[in-house]
Structure formats: structure tokens, C-alpha cells
Protein chains: 2
Amino acid sequence: MAKTKDSNTEGNILASAENIFQSKGMDGARMQEIADKAGINKAMLHYYYRSKQLLFEAVFNKAFSLLAPQLNVILNDDSTIEDKIKNFTSSYISFIMKHPYLPSFILQELNRNPKFAKKLQENQNFPNLEKFKNQVNLEIEKGILKPIKGEQLFINVLALSIFPFVASPLIKIFLKSSEKEYKQLMKDRKTDVSDFIIKSIKA
Amino acid sequence: MAKTKDSNTEGNILASAENIFQSKGMDGARMQEIADKAGINKAMLHYYYRSKQLLFEAVFNKAFSLLAPQLNVILNDDSTIEDKIKNFTSSYISFIMKHPYLPSFILQELNRNPKFAKKLQENQNFPNLEKFKNQVNLEIEKGILKPIKGEQLFINVLALSIFPFVASPLIKIFLKSSEKEYKQLMKDRKTDVSDFIIKSIKA
DNA sequence: ACTTTTGTCAACCAAATGGTTAAACTATTT
DNA sequence: AAATAGTTTAACCATTTGGTTGACAAAAGT
């Protein structure tokens with residue numbers, strides 16, 4: 001390393017790139033803007049990450065690897081479905097409240113470029129639904145849950161947890177609510193969502 | 001009009017612009033690509049719509065005015081909450097299946113440009129939640145529904161109806177499903193979603 | 001018939017943008 | 001301290017992109 005020992009240029013670049021890419025998307029982001037935010041020369045972006053595409057992929061992969069493990073709470077843990085759902089919705093909503101741009105970013109870019117989807121499908125140790133589905137069926141047989149397809153339940157859990165963040169501008173308009181009221185509503189959802197689901201599926 | 005009478009250039013432009021903008025977003029769309037898809041010269045786009053921004057707004061406003069009225073099914077109709085929800089989820093999911101890009105497009109652009117949100121909030125006769133909230137409270141008092149906040153119920157209805165389309169690439173990966181299986185799942189949701197909600201809220 | 005208006009296109013333009021280069025500068029090695 | 005390797009910058013480049021212009025053709029108006 002040269003020059004200042006405490007200045008971590010590569011890290012600064014990634015942080016700025018996260019900020020810009022996640023709010024403006026791949027197409028809307030400008031390399032110059034990322035450089036400005038990092039307070040460095042634009043050439044440094046290419047020195048450390050070669051191209052816009054590669055810098056973007058670094059941001060995307062980091063974002064995805066932050067979101068995906070959280071899913072294991074609901075997929076690979078050993079508690080009951082009810083506990084899993086309570087646990088998951090609460091912790092996932094808390095997590096997203098700290099990173100409100102993440103879900104929109106991931107979904108937008110996945111929609112934009114199907115190649116990303118394929119890559120994720122193949123390479124990663126991608127979260128697997130089988131265990132969850134089996135457990136749902138088992139608890140239905142035991143009479144703990146009302147009949148429901150595991151896939152649909154899983155989609156519902158994700159939808160109720162994530163959608164309010166993806167649709168935040170729309171929801172703020174509907175509810176005519178300030179940023180503060182919106183945040184309170186999201187806080188409430190940490191328990192409201194699991195209550196809502198449990199009421200629906202508990203036998 | 002000049003030249004050919006049957007060639008509706010302005011309409012062709014709008015149709016092509018919808019196609020391109022809705023799949024690539026404002027930032028990812030290219031004027032040349034829209035012109036190519038419409039089979040006309042790029043200058044025509046400016047002749048009829050002046051600028052990319054105005055062409056985009058024409059597309060956005062048309063898309064929004066297609067989606068918004070559907071909400072009146074649940075907001076301004078006079079049936080019971082249960083009927084409203086059954087009616088809405090079924091018809092909304094049917095509608096989105098015919099225009100799968102619309103919700104992502106609207107949400108993405110609303111996230112990108114908060115000014116759009118403000119415009120919608122002010123100008124339009126924007127769907128109003130008050131009636132729905134009052135009705136929910138009334139049915140709770142009457143003992144028809146279990147206690148729930150109208151805002152949260154409304155968000156839940158939207159989330160369960162719309163999210164699976166916004167997150168379609170992700171869901172296809174999770175379920176390891178083909179396009180066909182995915183579509184079947186969405187068809188099932190036309191009744192599954194309302195069943196799920198009704199079970200949760202009915203006293 | 002001829003004038004005016006409307007529609008269409010090829011060529012062009014200026015600005016923006018991702019990326020490169022060569023030189024300067026700094027830290028480490030020898 | 002001299003050489004080497006890693007880091008940073010200003011200036012530059014080629015391409016892309018939204019937008020414009022001027023000529024021309026087809027209707028419509030007179």
C-alpha cells in the first residue's frame with residue numbers, strides 16, 4: 001500500500017458504489033458520481049474494479065449475501081412453523097428497516113437482468129424450500145395447521161415482510177403518512193405480520 | 001395527417017415506448033430502441049412527444065391510470081369486507097397476469113423519482129382509504145371481524161396480491177419452477193390469497 | 001393550381017459517459 | 001539511497017445518447 005496507511009480506498013469505493021447503485025440502479029448510476037462520493041479520482045474505480053459491470057457485481061453479490069442467509073431462519077431451523085414465522089418476520093423486518101433500499105435493489109436488478117437469476121440458481125448454495133414444505137405438510141397431518149400449500153405459505157411470508165418496503169413510496173401516499181408514521185407502521189408489522197399469518201393457518 | 005392515413009405513428013410510438021420503458025425502466029431505455037421497435041425515425045419521437053422525459057411520463061401516467069381504478073373495487077364499493085377482498089384479489093391478480101411488468105415498473109420508477117409520488121399525491125383523485133378503514137372498524141365492532149388496523153389489512157391485501165409479480169424472478173428460483181408452474185401458482189392465488197386473508201380476519 | 005400545413009427522414013451536434021494513459025507520487029525492498 | 005512496486009491524478013479518447021436541423025413529400029386548404 002502506498003500513501004496514507006489509514007485510507008482504505010478500495011473499501012471507500014465499495015461503500016460509495018453501494019450507496020449509488022442501490023438507490024439509482026445499474027443504469028442510473030454514474031461512475032463519476034461514485035468517485036465523487038468516495039472523494040477520489042474516477043480512474044481509481046477502474047484500478048480496483050476494472051469496469052462498471054464488475055463493480056456493480058461486487059455490490060450486488062454483497063447485497064445478496066446479506067439478504068439470503070436470513071432466509072435460513074425459516075428454512076433450516078428446527079423449531080415449529082409457528083415459531084419460525086414469528087422469528088423470521090420480526091427479524092427480517094428489523095433487518096430491512098436498517099437497509100431499506102436492499103429489497104428494491106435486488107428485485108429491480110433481478111428483473112432487469114435474468115442472467116443474474118440463472119447465476120444464483122446454479123452457483124450458490126441457494127436456500128432450499130424442501131425441508132420447509134415437508135414440515136408444513138407434517139404439521140397439517142398432525143392437525144397443528146390448517147391445510148395450505150407450503151409454496152404459497154412461503155410466498156405469503158415473504159410478501160407480507162418485504163412488500164411494504166418495496167412499495168414504500170406508494171404506501172406513504174395511500175396512508176398520507178409522514179416518514180415517522182410510516183416507520184411506526186413498519187415497527188408494528190414486526191408482530192402484526194406473524195399474528196396475521198398465524199391466525200390464518202393455525203388449526 | 002400526411003402520407004399514409006392508416007399508419008398511426010403516434011400510437012405506434014406509445015406502444016413501443018411502453019414495451020421498452022416498462023421492461024428496462026427510464027434509465028435503461030434508449031430512444032433509438034423505441035424508434036426501431038416502432039419502425040420509424042428517431043426524430044419522430046421528438047416530433048410527437050418533445051423529449052424522453054415527456055414520452056416516459058405519457059407511458060407512466062397511462063400505466064398508473066390502468067392500475068389505480070382497480071383499487072376502487074376494494075375502497076369505494078359497498079359490499080362487505082369479505083366480499084371486497086375476495087373480489088379484489090381475484091380481479092387484481094387476473095389483471096396483473098395480463099400485464100406482469102406493470103407493478104415492477106410503477107414501483108421502480110416511484111422509488112427512483114420521489115417527485116412522481118408527490119405529483120400523484122396532489123393532483124389525482126387518488127384512491128382514498130378512509131371509507132375502507134371506517135368499514136373495517138365497524139365490522140370489528142359488530143363482531144364480524146377480529147381486531148385489525150385497517151391500514152395493515154390494506155397493506156396485507158396489496159402485498160399478497162402484488163408481491164409475487166414484483167418478485168417473480170426470485171420466486172421462480174426458490175420454487176425451481178418453470179414458467180408454466182409459476183403461472184399455475186399465480187392462478188391458484190386468485191382464490192388462495194383471499195382464503196388466506198379471510199381465515200385470518202373473520203371472527 | 002398553388003400555398004400551407006403536417007409528417008418523415010438522413011445527417012448532424014453537443015454533452016455525457018465508461019474507460020485509458022502517462023506521468024507523478026509514495027511506500028517498501030534491497 | 002537507489003531501485004522497485006503500488007497508488008493516485010489530470011488529461012484524454014471513443015462511443016453513445018438525447019436532441020436538432022433542413023430538406024422533402026404528402027395531405028389539406030384556398
Side-chain angles (χ1 to χ4, degrees), chain A residues 1-63 105 108-109 112-113 115-116, chain B residues 1-63 105 108-109 112-113 115-116:
Chain A
M1 281 157 260
K3 234 167 197 174
T4 48
K5 50 197 159 186
D6 57 332
S7 81
N8 170 17
T9 305
E10 189 168 355
N12 290 345
I13 291 175
L14 190 62
S16 305
E18 282 172 4
N19 187 307
I20 303 290
F21 275 131
Q22 284 172 19
S23 60
K24 308 202 167 181
M26 169 67 165
D27 293 330
R30 296 289 156 250
M31 294 297 266
Q32 188 60 58
E33 196 179 359
I34 295 172
D36 291 347
K37 172 145 282 182
I40 50 146
N41 188 285
K42 183 164 66 86
M44 298 309 306
L45 303 184
H46 294 95
Y47 180 77
Y48 284 105
Y49 291 91
R50 290 196 69 86
S51 70
K52 185 184 184 184
Q53 179 63 27
L54 287 174
L55 178 55
F56 172 79
E57 283 175 22
V59 170
F60 183 89
N61 290 332
K62 187 177 167 191
F105 171 66
Q108 181 187 148
E109 298 301 332
R112 189 181 60 86
N113 189 353
K115 283 176 194 166
F116 272 118
Chain B
M1 280 158 263
K3 234 164 198 172
T4 49
K5 51 198 160 186
D6 58 332
S7 80
N8 171 17
T9 305
E10 189 168 354
N12 290 345
I13 291 176
L14 190 61
S16 304
E18 281 171 5
N19 187 307
I20 302 291
F21 276 131
Q22 284 171 18
S23 60
K24 308 201 168 183
M26 170 68 166
D27 293 330
R30 296 289 157 251
M31 294 297 267
Q32 188 61 59
E33 198 179 357
I34 295 172
D36 290 349
K37 173 144 282 183
I40 47 142
N41 188 284
K42 184 164 65 85
M44 295 277 71
L45 304 184
H46 295 96
Y47 181 78
Y48 285 104
Y49 292 91
R50 292 196 67 87
S51 69
K52 185 184 185 185
Q53 178 64 26
L54 287 174
L55 177 54
F56 172 79
E57 284 175 23
V59 171
F60 183 89
N61 290 332
K62 187 177 167 192
F105 171 66
Q108 181 188 148
E109 298 301 331
R112 190 181 60 85
N113 189 353
K115 283 176 194 166
F116 272 119

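Note on naming: letters A, B, ... go to the chains in the order of the sequence lines (proteins, then strands), and numbering restarts at 1 for each one. None of these values were measured; they are calculated from a predicted model.
Residues B:Lys42 and B:Glu10 each lie close to DNA chain C; by heavy-atom proximity, the contact nearer the 5' end of the strand is made by B:Glu10.
Spacing between atom CD1 of B:Ile40 and atom P of C:dC9 amounts to 7 Å, rounded to whole angstrom units. Counting to the nearest Å, the C1' atom of D:dT16 and the NZ atom of B:Lys52 are 12 Å from each other. Between A:Asp27 atom CG and D:dT17 atom P there is a gap of 10 Å when expressed in whole angstrom units. In this entry the distance linking CD of A:Glu33 with P of C:dG18 reads 10 Å, nearest Å. Rounded to an integer number of Å, the gap from CG of A:Asn12 to P of D:dT7 is 14 Å. The distance from atom CE of B:Met26 to atom C1' of D:dT17 is 12 Å, rounded to the nearest whole Å. Across the protein-nucleic acid pair, B:Gln32 atom CD and C:dC9 atom P stand 12 Å apart, rounded to whole Å. Atom pair B:Met44:CE and D:dA26:P shows a separation of 15 Å (rounding to whole Å applied).
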Apply side chain to side chain contact (heavy atoms under 4.5 Å, CB included) to the pair A:Glu109 and A:Phe56, showing each step before the final yes or no.
-> CA-CA 10 Å; A:Glu109 298 301 332; A:Phe56 172 79; 3.5 Å; yes

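Dashed line: the shortest gap from a side-chain N or O of A:Thr9 to OP1 or OP2 of D:dT8 is under 4.0 Å. Checking the phosphate oxygens (OP1, OP2) of D:dG18, no side-chain nitrogen or oxygen of B:Ser51 falls inside 4.0 Å. For A:Arg30 and C:dG18, the shortest distance from a side-chain N or O to OP1 or OP2 is below 4.0 Å.
Picking from C:dG7, D:dG6, D:dG18 the nucleotide with the shortest atom distance to the side chain of A:Tyr47 gives D:dG6. Each of C:dA10, D:dT7, C:dG19 was ranked by its minimum atom distance to the side chain of B:Asn41; first place goes to C:dA10.
Using a 4.5 Å heavy-atom threshold, the side chains of A:Phe105 and A:Gln108 count as separate. Annotation: side chain of A:Met26 is not in contact with side chain of A:Asn113 (no heavy-atom distance under 4.5 Å). B:Asn12 is not listed as a side-chain neighbour of B:Ile40, based on a closest heavy-atom distance of 4.5 Å or more.
Within the nucleic acid shown, A:Met31 comes within 4.0 Å of sugar-phosphate atoms alone, with no base atom in reach, counting heavy atoms only. Among the protein residues, A:Ala29 comes within range of the sugar-phosphate backbone only, with heavy atoms under 4.0 Å from sugar or phosphate atoms but none that close to a base. A:Tyr48 comes within contact range of the sugar-phosphate backbone alone, with a heavy-atom separation under 4.0 Å but no base atom that close.
Here the side chain of A:Lys52 pairs a donor or acceptor atom with the backbone of A:Ala29 at under 3.5 angstrom.
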